[in-house]
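Just so it is clear, the structure is predicted and the values come from calculations on it, not from any experiment.
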Amino acid sequence: MKTWLEKWDPEDEIFWKKTGSKIAWKTLIITTLSLIMSFGSWFMMSVIAVKLPGLGFPFSKDQLFWLVAIPGLAAGFLRIIHTFILPIFGTRHVVTVATLLKLIPAIGVGFAVMDTNTPFWVFVLLAFATGFGGGDFSSFMPSTSLFFPKRLKGTALGIQAGIGNFGVSLAQFVTPLILSVSIYGASSVFTSINAKETQNVFIDSTIGKQKEVFAALDTKAQNNILANVKKPVLDSVIAATGSNENVEIFAALPQKVKSRAIANSNPKLAEKIINKISPDNEAVKNINIYIQSAAFWYSGFLLGLALVSWLFLRSIPMQASIKEQMDIFKNKHTWYCTITYLMTFGTFAGLSAAFPLMIKYLYGDFPDAPDPLVYAFYGPLIGSASRVAFGFVADKIGGAILTTITGIGILVGAIILVTQGLVSPTSMDQFPLFVGVILAIFFFTGIGNAGTFRQFPIIFSENQRQAAGVIGWTAAIAAFGPFIFSIFIGNNIAANGTVNQFFIGLIVFAILATAINWWFYNRKGCEKPS
């Protein structure tokens, strides 16, 4: 079977109706299904990382945020590679091989999470491997752009990107369900700690008993617990006691602060402490889960899609060397489009990765704290749905106005998060508004993702090969969103327990990106109306 098509001219109405339409839509269906698995496997670590402490993995908050961030870093670099390989190898080879490569993290992560002695560096390598799924976008989407005529590009790209983005929600939705299903291997005991019941344990016990149990811990465990106490509180206790001894400091802490410090420590360590203080407590909950199933379930789908891709996909005869493709960087609009897409997709992907851990570490120490995975999948689901819906709108009214609207939506949402204290919360009463604003930002990113991908083929209409290259390149840079969001949000939380500084930075960037889009692509008399 030939890989390369002999002719491709979707702007020819006769060719399109007779031959092109059938091939293009078949290609779109197959590559979109594969892209769903790409996004799902890419964000695999964002949902698994939330569960690792409860299984007994001794990873710190910083380490968990790094595991969530690394897939974005990997995807950014891999998307740069994907940007240039499509004209060299063609759709058929690229999609088939890319689909098979995702078996590495799917199988590797599955085995790694079955052993709590698996070192952190192994998880780092596997987190990087999940970036294979993130890299696909920069060859799959340019491929789709080439298969469709200009009048249908916005619709086709919106469908593929939007439905492909559902893979993020799929990963976050399927994970809680699949944890009870045995695909391979034995179950693991997952421990969770109820903050309210932990407080009751400390209220009902004596200071002497608490001090005795804490003193029996090794120094590293003691330090980890005290690290969960806010610095001003810790400093005041040290000053009041006149002691730098961990045991004396812990004993002098207010009961509420002590209980929170324990509840926020590694669940297995917290279980050990709480059970020794009060053996009949209701603060500790243990359930059996198959954490490996959250990774293994991708494998069968990936193998099937790889086979279908090889059998039914073909490649457009448009070959170019890497050197020839580098001409996109001489055009200033490549860089402006990169900024606007970093605002739209970068925010979507970044929030998708960081949202579960934000819920866990911003609201997790309040009584009746929420389960992050109950809410996490709604954001990517809403952003993906709005991207599909507004792909059709972009074809009708243009993409630039949608990108401007997105910038305004992100800007307003970030301002509300900061000014209303939603990312520096003081009670669970703020949680509903926090979730609502985050979901609204997801909605606007979907609108913007549809808008920008309608803009690029028009901005570069004089050279569709360049348009495809720009789609790949901008997607590559925007793929760093999970890395940027996770690292900076993680650092903010570790430093002061809030995320105010990060969202202030997002406000500034949204203003810049929106102004660029409006000036060059949206205002009356602009240089490239799109």
Side-chain angles (χ1 to χ4, degrees), residues 31 34-49 52 63-86 94-113 120-142 161 164-165 167-168 170-172 175 294-296 298-299 301-302 305-306 338 341-342 345-357 380 471-490:
T31 55
S34 184
L35 194 60
I36 291 173
M37 290 294 104
S38 296
F39 272 94
S41 62
W42 183 22
F43 282 85
M44 180 196 311
M45 195 62 76
S46 72
V47 290
I48 290 178
L52 294 181
Q63 287 177 316
L64 292 176
F65 272 105
W66 267 103
L67 290 182
V68 173
I70 287 170
L73 182 67
F77 288 118
L78 290 168
R79 282 190 179 189
I80 294 174
I81 296 172
H82 273 269
T83 297
F84 300 107
I85 62 175
L86 183 67
V94 169
V95 174
T96 302
V97 173
T99 303
L100 288 172
L101 281 174
K102 292 189 282 288
L103 287 169
I104 296 174
I107 296 172
V109 171
F111 281 106
V113 296
F120 181 68
W121 67 265
V122 172
F123 276 95
V124 169
L125 291 179
L126 290 170
F128 192 91
T130 63
F132 285 134
D136 296 346
F137 193 84
S138 284
S139 56
F140 287 31
M141 290 292 283
N165 287 169
V168 182
L170 187 66
Q172 296 174 339
T175 297
F296 284 147
Y298 292 97
S299 302
F301 291 100
L302 292 172
L305 285 167
T338 301
Y341 197 59
L342 182 59
F345 182 76
T347 300
F348 170 85
L351 280 181
S352 295
F355 192 27
L357 286 178
I471 288 173
W473 168 256
T474 56
I477 300 305
F480 287 110
F483 177 77
I484 295 169
F485 272 64
S486 298
I487 289 300
F488 283 101
I489 287 174

Open item on the list: Nearest 0.5 Å, please: how far is CG in Leu125 from CD1 in Ile70?
Closed with: 8.5 Å
Task: CD1-OG distance between Ile107 and Ser299, expressed to the nearest 0.5 angstrom - done: 4.5 Å
TODO: Kindly compute the distance separating CZ (Phe301) from CE (Met37), expressed to the nearest 0.5 Å.
DONE: 6.0 Å
Task: Interatomic distance, Leu52 atom CG to Met45 atom CE [nearest 0.5 angstrom] - done: 7.5 Å
- [ ] Please lay out, stage by stage, how Asp136 and Lys102 fare under the test side-chain contact (heavy atoms from CB on, under 4.5 Å).
- [x] CA-CA 10 Å; Asp136 296 346; Lys102 292 189 282 288; 2.6 Å; yes
Task: From CA spacing to verdict: side-chain contact (heavy atoms from CB on, under 4.5 Å), Leu126, Val122 - done: CA-CA 6 Å; Leu126 290 170; Val122 172; 4.0 Å; yes
Open item on the list: In terms of relative ring orientation, are Phe39 and Trp42 parallel, tilted or perpendicular, with 30° and 60° separating the classes?
Closed with: tilted
Open item on the list: Restricting to non-hydrogen atoms, name the atom on Ala295 and the atom on Met44 that form the minimum distance, rounded to 0.1 Å.
Closed with: CB-SD, 3.8 Å
TODO: Could you tell me how the ring of Phe77 sits relative to the ring of Phe480: parallel (under 30°), tilted (30 to 60°) or perpendicular (over 60°)?
DONE: perpendicular
- [ ] Quick one: pull up OG1 in Thr338 and CG in Leu342 and give me the separation to the nearest 0.5 Å.
- [x] 8.5 Å
- [ ] Grab the two heavy atoms, one from Ala98 and one from His82, that are nearest each other, plus how far apart they are.
- [x] CB-CE1, 4.2 Å
Task: Flag side-chain contact, heavy atom, 4.5 Å: Ser41 against Thr130 - done: no
Open item on the list: Run Val113 and Phe123 through side-chain contact (heavy atoms from CB on, under 4.5 Å) and show every step you take.
Closed with: CA-CA 9 Å; Val113 296; Phe123 276 95; 3.8 Å; yes
- [ ] For Ile487, check side chain to side chain contact (heavy atoms under 4.5 Å, CB included) against everything at least two apart and list the hits.
- [x] Trp66, Ala69, Phe483, Asn491
TODO: Heavy atoms only: give me the nearest Phe65-Ile489 pair and the separation to one decimal.
DONE: CE2-CG2, 4.2 Å
Task: Residue list, side chain to side chain contact (heavy atoms under 4.5 Å, CB included) with Leu101, at least two apart or on another chain - done: Val97, Ile104, Phe132
TODO: Could you grab the distance from atom CD1 of Ile36 to atom OH of Tyr298, nearest 0.5 Å is fine?
DONE: 11.5 Å
Open item on the list: Which heavy atom of Ala127 sits nearest to which heavy atom of Pro71, and what is that distance?
Closed with: O-CG, 3.4 Å
Task: Minimal non-hydrogen separation, Ser34 against Phe140, with atom names - done: OG-CE2, 3.7 Å
TODO: Work out which heavy atom in Leu100 is nearest to a heavy atom in Ala306; give both atom names and the distance.
DONE: CD2-CB, 3.5 Å
